[in-house]
Amino acid sequence: MKSYDHKAIEKKWQKKWSDTALYKTREDEGKEKYFIMDMFPYPSGDGLHVGHPKGYIATDVYARFKSMSGCNVLHPMGWDAFGLPAENYAIKNKVHPEIAVKKNVARFKEQLEKIGFNYDWDREINTTDPEFYKWTQWAFVKMFERGLAFESHEPINWCPSCKTGLANEDLEGNVCERCGTVVEKKPMRQWVLKITEYADRLLEDLEDLPWSESVKEMQRNWIGRSEGASVTFAVKDSDKKIEVFTTRPDTLFGATYMVLAPEHAFVSDFLEVVTNRKEVEVYIEQTAKKTEIERTAEGKEKTGVVLDGVYAVNPVNNEEIPVYLADYVLATYGTGAIMAVPAHDERDFAFAKKFNLPIRQVVVPCADDSNNPPQEGFTEVKRDTVIVHLKDKETGKYALLDWHGTLEGITTAIMGGIEEGQTPEEAVLAEIEEEAALAGVTIIKKLEWITAARYCASHKKENRLAIAHVFLAEVDSVKNQGEIPEDEAKKHTLVWVDESEVLERLIPDHQKQVWSLLQRDEALPGYGFLMNSGKFDGLTVEEAKEKVTKHAGGKLTTQYRLQDWVFSRQRYWGEPIPIIHCEKCGPVAVPEEDLPVILPDVESYEPTGTGESPLANIEGWVNTTCPTCGAPGKRETNTMPQWAGSSWYYLRYIDPKNDKELVDKKKEQYWSPVDMYVGGMEHATRHLIYSRFWHKVLYDIGAVSYIEPFQKLYTVGLIQAEDGRKMSKRWGNVINPDDVIDNVGADTLRVYEMFMGPFVQAIAWSTDHMTGARRFLEKVYGIKEKVSDDGEMNELVLHQTIQKVARDVQDFSFNTAISQLMIHTNDMEKRTSVGTEEYKTFLKLLAPFAPHLTEELWSELGGTDSIHLEEWPVCDESILAAATVTVAVQVNGKTRGTFEAAPDTEDSELVKKAKEVDGVKPHLAGKEVVREIVVKGRMVSLVVK
RNA sequence: GCCCGGGUGGCGGAACUGGUAUACGCGCACGACUUAAAAUCGUGUCCCUCACGGGAUGCGGGUUCGAUUCCCGCCCCGGGCACCA
């Protein structure tokens, strides 16, 4: 299916364009500015990601459109080509990182030019350029001076294969992202950035960003803010104290034991005191050996050991409770210690069951009956009641009551009040006797919780709070069922239903809840009011939180899941951390005038294997003098992670050659923030949080003028293999873009990738569907034959297309933009001739999508300059406004016909016309029109009786 | 388990702010051209019905003159976090 020679055309124009940027970065007066960025590498194999150029094509289309629309466009290339892939390549092929980067960039450029990507390459920067990383080091020094960068000796992840330390972002689960080896824990000195200090701002400023909800939500989860209280427990016969964090201070009275993280430092304080020291030490050792995978692979099965002889004192009631070590408590979150409330926490519940610890309910789950809600101003009355689910052993069915009269519509289990002097069990048997006339009943389970419901007894002007004791009972057979008394039968009908239907038949929420609790063996949900809590009984959970905290002498606090950012690597590669260690002064920042600290030449830049950076072996580099006191000092040999440069590189693109400051303030104010950032979902929680943090630090030190770096953010949907799986060399299902370009051309590839579906959505590649894109371009090419100056014009379709393509490209809805271009093409194809002006305008609209073909046709039509430097066509709104509209007519909500009308037709005239439409008349015959609704330019809706 | 996103023909998908559901493309069927095939062009293509008409946007209910769109309950798929107290 070859009707135009894509190879010749594409080659010709790529050559002509090679030294012309099709959208040069400009700062022309009076033009709108646009700063567009993407982060995807396109080249595949050899250490780079296997991928498709969808992201780049999209930003390219967008940039061309903006440029043609008269905007100043800044569109630099992404970052990944210079980062981790290059490093991997360097290590694997034993070449210097700088060479690896150069190779990658050259290749990157070549591949992008193949798909018609062509712009101002002079702005590019990369990590090996000291002029660039000087400013990364500069920012680090500023952080150090503000206490935001500090040293720490926490255990870190160690990859035994790469022989290097890894931060969380280098891991997938607990597996090294680069080599797939399971990592170990190893204590090591690290530089850490205090990102937690920015947690609240990172969270709050998220609100106003026009990002997709899912990315925002991921960041919120990642930061993981939770509000609660910190409470201190004294230790019996000791001056030690244990502080815990809890989100449920309202359940303090339910704490029946305490748990410490086994790896937590303060555990050793207790070793002297415990009477089972051996056992405790064994457990600590076992936990340390377990990898994180083992810990989670064991599921939620709880393990732990008691600290015999150690008791904590609950500050709310001075109760002495045992203390355990268990690995379900993490040393890294909160204080590394918890109070355990088994009645109201899943994990504590599971642990308590396994270790036979007491479970004390302190919150009664209480639901307001939505069918019969409590009324304002009624007297509050409390009743003790029983609810019993009765099972017929023979059939397996359960007894339910369908209520009549005032309770019509309600279906419940058998229930009733507990009379004076009755036990709940006696009440159960009595109710079954009364309501079901059954004897020979056995109670088989009593729910360990009590529950409650509030409802309104309107006839007595009472709000009732029913405290319910819940039971499960069985009857051998219903054969000897007696006569149900008349007064009971009047109130309700007894029905027997299958177990699977019980839940859906039960009507007030409380009844459903009771059934669910009876089925499950779980901790209780987190709403209701307090019990077993002394003077706080009866308060709601919300009311109690602050009051109980105060009573316990604790304070309300906030915790985050987000941890500080481990910012050092033991590698050659990367920006050296600009610190000098002096024996007298400690760690001292390298003065600004001595920046950048440049990587020395080195024979082997592979990891040393000892955990130290290869730089540590270069004595001439390591030994220096302290900038403060002049005494001998040693340089920091750790280097920064790849995230360092990528956290702010977008700012450097604005002003890549500046040697005076990070970025010129005026230029920064002009171009910032990035208007459109396109990347992958994998950046949602790491790169995008790190950049936001870095940017906010720069804002705080006055280097930039906006609090957020990126405005619109689009995450590109993955192109899956034709079989619906991920493209992977392992599966052999990879579609190589280079082959596609060879077969059908770069233009077809571009059109197809933009047309295949919504930009953000993951879609499977389909070579079949791609033929549609090729056919479309062939039609466009074919129409050229009938183009003439006096050819036929369809202004309406043309201007509709101008409008829709502009709007859709703006919204990144490339698929619908192309759809409209196809509609226009089909329209031109049906005509015998096409006017030159219309065709030329159409080509301009198509140009961003199919740059080579449109450039060729443009020049054939006499264009001397590039079509990509033309101006974007302007939509003539008056043509659209003057077009007649099709008005639909609905009768009682059903469409019965349509008619054509001028857009400015009066409402009354539209109604009159609507009533005369053929398909409508029979539906009006003999009926009265009671309502007429007119939606201008769209429809008339008639309601008849 | 918790949170987020989604469910529309045989397939990819479209539908402005509640206003003619199924645009555009792929596929399929029939026809034209051809000795023939491919390519191309034309016509048709949600389901039931000869028709009138009726029914369909995961399922059930609600609000509305009118619901893919809003509300309530459920099912399924995708993704994120996950012993985070």
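Lettering follows sequence order; numbering is per chain, from 1.
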Visitor: Taking any strand in view, what nucleotide pairs with B/A39 in a Watson-Crick or G-U wobble way, both distances under 3.5 Å?
Guide: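 Its partner is none (no Watson-Crick or G-U wobble pair with both distances under 3.5 Å).
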Visitor: Going by the angle between their ring planes, with limits at 30° and 60°, are A/Tyr690 and A/Trp565 parallel, tilted or perpendicular?
Guide: parallel
Visitor: Select base, sugar-phosphate, or nothing to describe what A/Arg225 touches, counting heavy atoms under 4.0 Å on all strands.
Guide: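 Here A/Arg225 touches no strand at all.
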Visitor: Between B/C81, B/G25, B/A14, spot the one nearest the side chain of A/Arg561, thanks.
Guide: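 Closest of the options to the side chain of A/Arg561: B/C81.
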Visitor: Whole angstrom is fine here: how far is it from CG in A/Leu688 over to P in B/G80?
Guide: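 Taking CG of A/Leu688 and P of B/G80, I get 15 Å after rounding.
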Visitor: With the side chain of A/Phe755 defined as its heavy atoms from C-beta on, choose the nearest nucleotide among B/A21, B/A85, B/C24.
Guide: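 Among B/A21, B/A85, B/C24, the one nearest the side chain of A/Phe755 is B/C24.
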Visitor: Can you measure A/Gln219 atom CD to B/G79 atom C1' for me and round it to whole angstrom units?
Guide: 16 Å
Visitor: For B/G55, does OP1 or OP2 lie under 4.0 Å from any side-chain N or O of A/Lys894?
Guide: yes
Visitor: Check the phosphate of B/C24 against A/Asn826, side-chain N and O only, distance under 4.0 Å to OP1 or OP2. Yes or no?
Guide: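 The answer is no; no side-chain N or O of A/Asn826 sits under 4.0 Å from OP1 or OP2.
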Visitor: What interatomic distance, in whole Å, is found between C1' of B/G12 and the corresponding atom of B/G18?
Guide: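 About 27 Å, rounded to a whole number of Å.
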Visitor: Within the structure shown, what part of the strands sits under 4.0 Å from A/Met218 by heavy-atom distance: base, sugar-phosphate, or nothing?
Guide: sugar-phosphate
Visitor: Tell me whether B/G62 sits syn or anti, counting syn as a glycosidic angle within 90° of 0.
Guide: anti
Visitor: For atom CD of A/Glu829, is the number of surrounding heavy atoms from other residues, nucleotides or ligands below 6.0 Å larger than 12?
Guide: yes
Visitor: Taking atom C1' in both B/G27 and B/C76, what distance in whole Å separates the two?
Guide: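 These two C1' atoms come out 27 Å apart once rounded.
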Visitor: Measure from the side-chain heavy atoms of A/Tyr333 and tell me the nearest of B/A23, B/A85, B/G25.
Guide: B/A85
Visitor: Among all residues two or more places apart in sequence or in another chain, which pass the side chain to side chain donor-acceptor pair (under 3.5 Å) test with A/Glu916?
Guide: none
Visitor: Ignoring backbone atoms, test whether A/Ser226 places a side-chain nitrogen or oxygen under 4.0 Å from the OP1 or OP2 oxygen of B/A85.
Guide: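 For B/A85, OP1 or OP2 has a side-chain N or O of A/Ser226 closer than 4.0 Å.
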Visitor: Tell me: NE2 of A/His769 to C1' of B/G13, nearest whole Å?
Guide: 10 Å
Visitor: Whole-Å distance between B/C24 P and A/Tyr752 OH?
Guide: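 That distance rounds to 19 Å.
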Visitor: Rounding to a whole Å, what distance do you find between A/Glu217:CD and B/C4:P?
Guide: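 Result: 6 Å.
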Visitor: Take atom CG of A/Leu821 and atom P of B/A14, then tell me their distance rounded to the nearest Å.
Guide: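 The answer, rounded to whole Å, is 16 Å.
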Visitor: So what does A/Glu829 touch, heavy atoms closer than 4.0 Å: a base, only the sugar-phosphate, or nothing?
Guide: sugar-phosphate
Visitor: Hey, can you tell me if A/Phe266 and A/His264 have their rings parallel, tilted or perpendicular (30° and 60° cut-offs)?
Guide: parallel
Visitor: Taking for each residue the nucleotide of RNA chain B bearing the nearest heavy atom, is the 5' side occupied by A/Ile338 or by A/Glu213?
Guide: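 It is A/Glu213, whose closest nucleotide lies nearer the 5' terminus.
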Visitor: In this structure, how many angstroms lie between the C1' atom of B/G79 and the CZ atom of A/Arg725, rounded?
Guide: 20 Å
Visitor: Taking N and O atoms by type only, does the side chain of A/Ser214 place a donor or acceptor under 3.5 Å from a partner on the base of B/C4?
Guide: no
Visitor: Given the C1' atoms of B/C33 and B/A38, what is the spacing between them in whole Å?
Guide: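 Straight-line distance between the two C1' atoms is 13 Å.
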Visitor: Give the intermediate values and the outcome of ring pair (Phe, Tyr, Trp, His ring centres under 6.0 Å) for residues A/Tyr257 and A/Phe355.
Guide: CA-CA 11 Å; A/Tyr257 64 102; A/Phe355 287 83; 8.5 Å; no
Visitor: Under 4.0 Å from OP1 or OP2 of B/G13: is there any side-chain N or O of A/Gln761 that close?
Guide: yes
Visitor: Can you identify which nucleotide, out of B/G25, B/C4, B/A14, has its nearest atom closest to the A/Thr816 side chain?
Guide: B/A14
Visitor: Using the side-chain contact (heavy atoms from CB on, under 4.5 Å) definition, which of the options A/Gln820, A/Lys779, A/Lys830 pairs with A/Thr825?
Guide: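 So the option named by the test is A/Lys779.
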Visitor: Evaluate ring pair (Phe, Tyr, Trp, His ring centres under 6.0 Å) for A/Phe812 paired with A/Phe814, printing each intermediate quantity in order.
Guide: CA-CA 6 Å; A/Phe812 257 50; A/Phe814 304 109; 4.8 Å; yes
Visitor: May I ask you to say what A/Thr898 touches in the nucleic acid, namely base, sugar-phosphate or nothing, with a heavy-atom cut-off under 4.0 Å?
Guide: base
Visitor: What nucleic acid atoms does A/Lys216 come within less than 4.0 Å of, heavy atoms only: base, sugar-phosphate, or nothing?
Guide: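 Here A/Lys216 touches no strand at all.
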Visitor: Which one, B/C81, B/C4, B/U20, comes nearest to the side chain of A/Trp222?
Guide: B/C81
Visitor: Compare the minimum distances between each of B/A85, B/C65, B/G12 and the side chain of A/Ile763, then state the nucleotide with the smallest one.
Guide: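 Among B/A85, B/C65, B/G12, the one nearest the side chain of A/Ile763 is B/G12.
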Visitor: Say whether A/Ser226 and A/Gln559, considering side chains only, have a donor N or O and an acceptor N or O under 3.5 Å apart.
Guide: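 A/Ser226 vs A/Gln559: no donor-acceptor pair found between side chains.
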Visitor: Quick one: look up who B/C33 pairs with, Watson-Crick or G-U, both distances under 3.5 Å, and put none if it's unpaired.
Guide: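 Because no pair has both required distances under 3.5 Å, B/C33 counts as unpaired.
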Visitor: Using a cut-off of 4.0 Å on non-hydrogen atoms, how would the nucleic acid contact of A/Ile823 be classed: base, sugar-phosphate, or nothing?
Guide: sugar-phosphate
Visitor: Using only heavy-atom distances, decide whether a donor-acceptor pair under 3.5 angstrom links the side-chain of A/Lys302 to the base of B/C83.
Guide: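 By the distance-only test, yes, there is a pair.
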Visitor: Give a yes/no on whether any side-chain N or O of A/Thr895 is located under 4.0 angstrom from OP1 or OP2 of B/A21.
Guide: yes
Visitor: Looking at the rings of A/Tyr324 and A/Phe351, which for Trp means the six-membered one, are their centres under 6.0 Å apart?
Guide: yes
Visitor: Between A/Gly919 and A/Gly897, who's closer to the 5' end of RNA chain B by nearest nucleotide?
Guide: A/Gly897
Visitor: What is the pairing partner of B/C81, taking Watson-Crick or G-U wobble pairs with both distances under 3.5 Å in any strand?
Guide: B/G1
Visitor: Give me the distance, rounded to whole Å, that separates B/A14 from B/C24 when you measure between the P atoms they each carry.
Guide: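 Going atom to atom, P in each nucleotide, I get 14 Å.
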Visitor: In the strands shown, is B/G27 matched to any nucleotide by a Watson-Crick or G-U wobble pair with both distances under 3.5 Å, and which?
Guide: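 Base partner found: B/U45.
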Visitor: Give one of base, sugar-phosphate or nothing for A/Asp348, where a contact means two heavy atoms less than 4.0 Å apart.
Guide: nothing
Visitor: In whole angstrom, give me the gap between the C1' atoms of B/A67 and B/U8.
Guide: 14 Å
Visitor: Between B/U40, B/C3, B/G54, which nucleotide has the shortest distance from any of its atoms to the side chain of A/Arg775?
Guide: B/U40
Visitor: Under 4.0 Å, counting only non-hydrogen atoms across every strand here, what does A/Thr332 touch: a base, just sugar-phosphate, or nothing?
Guide: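 No contact at all - A/Thr332 keeps every heavy atom at 4.0 Å or more from the nucleic acid.
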Visitor: For nucleotides B/U63 and B/G13, find the distance between their P atoms and express it as a whole number of Å.
Guide: 34 Å
Visitor: Which one is paired to B/G19, where only Watson-Crick or G-U wobble pairs with both distances under 3.5 angstrom count?
Guide: B/C65
Visitor: Grab the CE-P distance between A/Met681 and B/G80 for me, whole Å please.
Guide: 9 Å
Visitor: Take atom C1' in B/A23 and the same atom in B/U57, then report the distance between them in whole Å.
Guide: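 The same atom, C1', in both gives a distance of 15 Å.
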Visitor: Would you measure the distance from the C1' atom in B/U69 across to the matching atom in B/G58 and give it in whole Å?
Guide: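 B/U69 and B/G58 have their C1' atoms separated by 16 Å.
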